[in-house]
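Single-structure report; data block below.
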Amino acid sequence: MLDRLAHDLRTRHPDRPAVLAHTRLGGTRVRIRRGELAALADTYAVALNARGLGEDTTLGLALRPGPRALAVMLAAHRLGLRIAVLDPTAGPDVLAARLALARPDLVLADAAAQAVAGWARPLARRADLALPPLELLGPVATLGRRLPGCAPRLRVGRFGASVPSIPGSDAPARDTDAVIVFTSGTTARPRAVVHSRGGLAAGLRTVGELVDPRPGSVVLGGTFFVLVPALSAGAAVALPAREPAALARQLARLTPAHTYLTPPQLRAALGAGARFTGRVWTGSAPADATLLRRVKQAGAEQAWGVYALTELFPAAAVEEAEKSAFTGPGDLVGAPLPGVRTALAPDGELLLGGPGARHRYLGEEPDPWVRTGDLAKLDPDGRIVLGGRLKDMVLRRAENIYPGLYEPSLHLPGVELAVLVGVPDGDGDERLVALVEPSPGTDPRQLRAALAGPLARMGSARPDAVLFGRVPLAGRSRKPDRAAASARCARELAG
């Protein structure tokens, strides 16, 4: 699909809008047209090639979602290089360790990302954004507008100018690494999901077949897996507004044929009185039948929950009517999508495989099965029914938070033990709570002040609450009992 997209953007209705954005008053403006997006990808390909990037080299990407980021992805695919995605919400220490593993040959960042890593760091922390100094991760180049203090701009030719031949860009590409996305692990041993070009193509193809966008229609969503299939089909993509009221106005004005929002975005939009049209898709966090019904009651023709992982996107999908009709125990997430294989480990953990699955974890050998960390069963029709999570992971506002990444930073002098646990917060979401057990004789006020620094560096993993008390222990090894800790935190917060 990526191989075909650049050609289609250039030859199929190049004057039609490709990416739309909203104005402050709820209007719509064209961010970029199809032909312009293809030309932008060409100029980036030439510029990256001139920097010596090609097959088997790595580009770190710190760009906000939008036309520039998509054009860079198309250019990278054309050159056969791999992209390491930088998440500014992971916290600077974690991100620095992750990028040390990936070793980018160049970090491409916009002015906003560099501001987060520099002069705007105190302001950015309020939004759970934090980046280490980017120059410590590798050579840095600025894409787009350059502000004082930013790295030199990526040298690109005149927009829309003829593109010189790029050596090897027209040859059949090997199935090399395409994207690195970081997930679990620790600062000492980060873990990164590596998708090959073939696996990425299979995942995009599955999304295209599932959603089936139509030429000339409008799709609302901002992720890579929304943009590429929609543009390939000839649809325009509208980037969703951040504020719920603006999003509600945007939905009313555009009446999109397809809308993809996370469950927290859906709840916020519904709270702002949003009305939906066409088919609505949600994932990245549990979406129960009640939420899907609310979406249909707000006008959607269909409301779909999508089960997906960083390692395999998408894996299964279920429409509200089917989910509401399910009365058994557990959470029905639907039948596996075409090509997705399922198996159950002896302990009941769901295993997934298929053409769209990740190739491997960086630094590890390939494995045909993805361990989901989810307890599950398969019903007589082969549908997947989840029964909870095995791995220590907290899911808050559609983000996976791995406590093992951040707990060590809480173990300061005066801390006997500290854990991060999830406390149920309704609709399948969780609050993240730090339960800190002070050492005997420690002044709680001084300890709380000492914890302020580590907490500020945790990015999107910053707890919703910090409680002091004894951490429950269990088992022969007397390890922290996370279930008991979560229950204790829930009682204290409720009281």
Side-chain angles (χ1 to χ4, degrees), residues 206-213 217-223 225-226 229-230 238 240-241 244 247-248 250-252 254-309 312-337 340 350 372 374 376-379 381-389 395-400 424-430:
T206 300
V207 173
E209 294 170 352
L210 174 66
V211 178
D212 193 24
S217 64
V218 174
V219 176
L220 188 143
T223 69
F225 276 91
V226 172
L247 178 57
Q250 186 183 25
L251 288 164
L254 291 174
T255 61
H258 298 276
T259 297
Y260 178 83
L261 298 170
T262 65
Q265 287 175 309
L266 282 180
R267 295 185 188 103
L270 288 165
R275 299 291 299 175
F276 294 95
T277 53
R279 293 196 284 176
V280 176
W281 309 82
T282 189
S284 303
D288 59 22
T290 300
L291 176 61
L292 298 181
R293 279 197 299 272
R294 290 179 62 198
V295 171
K296 289 176 76 171
Q297 290 166 357
E301 296 172 12
Q302 297 179 359
W304 289 80
V306 180
Y307 177 55
L309 300 88
L312 199 163
F313 188 102
V318 63
E319 207 278 324
E320 178 274 326
E322 183 180 0
K323 194 174 182 78
S324 294
F326 180 75
T327 58
D331 179 23
L332 174 70
V333 295
L337 293 169
V340 175
L350 176 65
T372 65
D374 291 323
K377 64 180 181 180
L378 304 176
D379 75 359
D381 296 323
R383 299 182 301 176
I384 301 171
V385 181
L386 301 182
R389 293 195 298 275
L395 190 58
R396 180 180 63 174
R397 296 189 291 273
E399 292 184 354
N400 296 343
D425 196 30
D427 287 328
D429 206 0
E430 294 177 289

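Being a predicted model, the structure only gives us computed values, none of them experimental.
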Parallel, tilted or perpendicular: ring planes of Phe313 versus Phe225, cut at 30 and 60 degrees: tilted
For [Y], does its backbone N or O pair with a side-chain atom of [X] as donor and acceptor, under 3.5 Å?
X	Y	answer
Asp374	Ala376	no
Lys323	Asp288	no
Arg279	Val211	yes
Thr262	Ser284	no
Asp425	Asp429	no

If you look at every heavy atom in [X] and [Y], which pair is closest and at what distance?
X	Y	answer
Gly222	Pro240	N-CD, 3.7 Å
Ala308	Pro314	CB-CA, 4.0 Å
Gly305	Leu292	N-CD1, 4.1 Å
Pro336	Gly382	CD-O, 3.3 Å
Ala272	Ala248	O-CB, 4.0 Å
Ile384	Ala316	CD1-CB, 4.2 Å

Would you say [X] and [Y] make side-chain contact, with heavy atoms under 4.5 Å?
X	Y	result
Leu270	Arg267	no
Val219	Tyr260	no
Thr206	Val340	no
Val295	Thr259	no
Val226	Trp281	no
Thr282	Val306	no
Pro329	Lys377	yes
Thr372	Tyr307	yes

Using 0.5 Å steps for rounding, measure from the [atom1] atom of [X] to the [atom2] atom of [Y].
X	Y	atom1	atom2	answer
Arg397	Glu430	CZ	CD	12.0 Å
Leu254	Ser217	CG	OG	11.5 Å
His258	Gln302	NE2	CD	9.0 Å
Glu322	Trp304	CD	CH2	7.5 Å
Gln250	Leu220	CD	CG	5.0 Å

Candidate pair Val385 and Val333, rule side-chain contact (heavy atoms from CB on, under 4.5 Å), full reasoning: CA-CA 6 Å; Val385 181; Val333 295; over 6 Å; no
Chi angles and distances behind the side-chain contact (heavy atoms from CB on, under 4.5 Å) call for Phe326, Asp331: CA-CA 9 Å; Phe326 180 75; Asp331 179 23; over 6 Å; no
side-chain contact (heavy atoms from CB on, under 4.5 Å) between Leu291 and Glu320, intermediate numbers included: CA-CA 9 Å; Leu291 176 61; Glu320 178 274 326; over 6 Å; no
